[in-house]
Number of protein chains: 2
Amino acid sequence: MDDRFPEARAAGNPNIGDVARAAGVSTATVSRALSQPDLVSAKARDAVLKAVAETGYKMNLAARNLRLRQTGGIVVLVPHLSNPFFSAILSGIAGIASQAGLNMLVADTREAAGADRRIAGYLHNNSADGLIVLDGNLPDNFDGGGRNRPPVVFACEWVEGHDQLSVTVDNRHGAVLAVNHLIGLGHRRIGHVMGPPDNILTQRRLAGARDAMAAAGLNADPRWFFNANFTLASGIAAARSWLALDERPSGIFCSSDAMACGFMSELNRHGVRVPDDVSVVGFDDIDIAEHFIPALTTIRQPRHRIGETAAEMLLALMRGDATKSAARDGGEKSTVLPVELIVRGSTAAPPIA
Amino acid sequence: MDDRFPEARAAGNPNIGDVARAAGVSTATVSRALSQPDLVSAKARDAVLKAVAETGYKMNLAARNLRLRQTGGIVVLVPHLSNPFFSAILSGIAGIASQAGLNMLVADTREAAGADRRIAGYLHNNSADGLIVLDGNLPDNFDGGGRNRPPVVFACEWVEGHDQLSVTVDNRHGAVLAVNHLIGLGHRRIGHVMGPPDNILTQRRLAGARDAMAAAGLNADPRWFFNANFTLASGIAAARSWLALDERPSGIFCSSDAMACGFMSELNRHGVRVPDDVSVVGFDDIDIAEHFIPALTTIRQPRHRIGETAAEMLLALMRGDATKSAARDGGEKSTVLPVELIVRGSTAAPPIA
DNA sequence: ATGGCTGTTGTAATCGATTACATTCCGGCT
DNA sequence: AGCCGGAATGTAATCGATTACAACAGCCAT
């Protein structure tokens, strides 16, 4: 009847039936030999394996997924694909997913054209068996989707209030480490370049910075808290604000390495020297941090490990195909990975005022 | 019979039959209303659309792909997922692919565990309708796969000899621009930090650099050509080699920005100043280049555009489901995108010897 | 020897969407 | 009136793998 593909079969692409014929067994036996070898006799198993090798059989995943009512893939929602901070995390996820035979689909949540619709699709949809979300500021329709949403794990960022599983780092503690480092060097006037205000990471790091200052009895002048948005460009803008101040903080904690680099870059253009004139601490420990001039003192996040952990958690959730809460009781729970202060050349004792 | 999923249907996930029932038409009409609206009457079409909205129907892609003998996705083979140079390209690909309703699968060809097997799978396999390869050094079994391989487009790197379609930049010309810039500033001793020797980009850029030097009648001292591998770390090693020279080139063209940054970073540690003591030119124009200290003079590659172009080319290839050569005659052909010299602070006239 | 048991294999239903072919309907033409 | 052609729709086969159930063989115990 329907043969628009006269060549397709002829050209190759053997199916399970071809293998069965070649091995002299039924398709059921082939299927079992490949996915549950214990169920078939050694003789049949060998025959099937041989037939597979001879025919060059590759399983058709669409058929398998249809039958199993699954999709064979996980979706990763990332705010900015081109941001190197995320690519290391992606790499971690990819490794685990590929070991588990799962495809990793990457979707940029901040893509211009019709992003909203597309994201909603991924959420509500049957297009993924699991979801890893790296973006804590998804559109509102996030949870409106429907009850049969795939398991979700948040990584790095998360949505407050939702009791989703997540893999994060101790952002508050990282900020405390950063500020205490500056204090330990003798700084008394400390500033902070913040991320976007609605971002959960911004809030946690800000809280940590505030706490550390308060604990040391330091005055947290509101003019020393610069609004920015994690990008290089916003770090540059913060540097301009810093330059315009009457009384300048001698130590600056930036909520991202990108901002710290932008900040230092702009200061350099204006002849201000780091760390001689001002000390700078970043957050993330991106690749370039170690090799920036000066090398950036920063808070290291285990980015690759974050991705791996999130993927492992998601797999556990997917395997125990129970409801979220049940799986949780079963063992999976949110993980907070440690951060680490990496001292490099961008910090020193404050200049003698 | 087989009902391991008693809840699945009940829980929701309407199928095309449910929609048909709700709309009072047959499944054939639903299918046509959704994918070939011109074939059904306005009345039926509206009824179907209404039923879709009511039931919250989402098409099952596995079923569609099975029937259409396709996979609904394209695979991107990238050498190092965590390398920011590639993530911008990925972002370009992702945008085009998502517009076309295709999933983008990302696979890291340099992943530790069993990478070879996995890659071969992607190639020979029915796991993708198309393939974009960003790695010019794939394992040898690349073309041995079989005749029913999906369409392939190379981007950035490519395999010499294979007459595959590709999207590249004019690497040779970029190198000429870089070296001529140094020559124009008055440099007479020019060095080159190279990429890995088996890499096609290394070879093209090296050729361009050599040609430009020869054209200006400059001596290309072999000791001024440093072996490296595009990474930050290898740029640092190159800097050490440079420091160890008796007679040092006053201008250095690095085959990647990452190496240029590593190079400058290491020189800085040894008190050598850029551009006062030595001028440095990079290649790529990665994000940090503009904000490095000093800002890096470099050759800009349109990374996002490279990704978009490759994706568009692949789509054209996939649509015209003809053989590679036929599609080529039909219009698609390899594209070479232009590069651009971006002059910044890392280059200046040579010091008075 | 008969019944029960385990281990292995085959038959055929099933997942959900697409589409070839058949059917129906209706207006226009001879 | 009868026939033709085109538009709209329905019926059912199909894609390829999985697996419930049935069938059967071999073995032990009663």
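Bear in mind that the values here come from a model prediction, so they are computed numbers and not experimental data. Naming convention: chains lettered A, B, ... in sequence-line order (proteins, then strands); numbering from 1 in each chain.
- No side-chain donor-acceptor contact under 3.5 Å links T71(A) and N65(A).
- For dG16(D), one of the phosphate oxygens OP1 or OP2 lies less than 4.0 angstrom from a side-chain nitrogen or oxygen of R69(B).
- In this structure, the nucleotide among dA17(D), dG16(C), dT18(C) sitting nearest to the side chain of R64(B) is dT18(C).
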What's touching nucleotides 22-27 of chain C from the protein side, N or O pairs under 3.5 Å?
none

| request: Run the numbers on M313(A) and V167(A) for side chain to side chain contact (heavy atoms under 4.5 Å, CB included), then give the verdict. | output: CA-CA 9 Å; M313(A) 192 178 286; V167(A) 180; 3.8 Å; yes
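- Distance N15(B) CG to dG16(C) C1': 6 Å, rounded to the nearest Å.
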Please enumerate all protein N or O atoms sitting under 3.5 Å from an N or O of nucleotides 6-9 of chain C, with distances to 0.1 Å.
from: dT9(C); atom 1: OP1; to: S41(A); atom 2: OG; distance (Å): 2.8
from: dT9(C); atom 1: OP2; to: S41(A); atom 2: N; distance (Å): 3.0
from: dT9(C); atom 1: OP2; to: S41(A); atom 2: OG; distance (Å): 3.4

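- At dG16(C), none of the side-chain N or O atoms of N60(B) fall inside 4.0 Å of OP1 or OP2 (strictly under the cut-off).
- When every heavy atom of T168(A) is checked against every heavy atom of W158(A), the shortest pair comes out as CG2-CE3, 3.3 Å.
- In this structure the side chain of L315(A) reaches within 4.5 angstrom of the side chain of I96(A), judged on heavy atoms.
- Counting to the nearest Å, the P atom of dT18(D) and the CG atom of N65(A) are 10 Å from each other.
- Picking from dA17(C), dT19(C), dT19(D) the nucleotide with the shortest atom distance to the side chain of I16(B) gives dA17(C).
- Annotation: side-chain hydrogen bond (donor to acceptor under 3.5 Å, both in side chains) contacts involving residues 37-52 of chain B, sequence neighbours excluded, comprise K50(B)-E54(B).
- For the pair L66(B) and A28(B), nearest-nucleotide mapping onto DNA chain D gives the more 5' position to A28(B).
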| task | Please assess H304(A) against S91(A) for the test side chain to side chain contact (heavy atoms under 4.5 Å, CB included), listing each intermediate value before the final yes or no. | result | CA-CA 7 Å; H304(A) 202 264; S91(A) 164; 3.3 Å; yes
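- Both S31(B) and T27(A) lie near DNA chain C, and the one whose nearest nucleotide falls closer to the 5' end is T27(A).
- Side-chain nitrogen and oxygen atoms of Y57(A) include none within less than 4.0 Å of the OP1 or OP2 phosphate oxygen of dG16(D).
- Listed for the D129(A) side chain is no donor-acceptor partner under 3.5 Å among the backbone atoms of I74(A).
- Put simply, CG on L68(A) is 20 Å from P on dA13(C), counting in whole angstrom units.
- Here dG16(C) presents its P atom at 19 Å from CD of Q70(B), a figure rounded to the nearest Å.
- Panel note: side chain T27(B), backbone A20(B); no donor-acceptor pair is recorded below 3.5 Å.
- For Q36(B), a side-chain nitrogen or oxygen approaches OP1 or OP2 of dT19(C) to under 4.0 Å.
- Of the N and O atoms on the side chains of D135(A) and T109(A), at least one donor lies less than 3.5 Å from an acceptor on the other residue.
- At the heavy-atom level, S35(B) lies nowhere under 4.0 Å from the strands shown.
- A straight line from CG of N13(A) to P of dG16(D) spans 8 Å, rounded to a whole angstrom.
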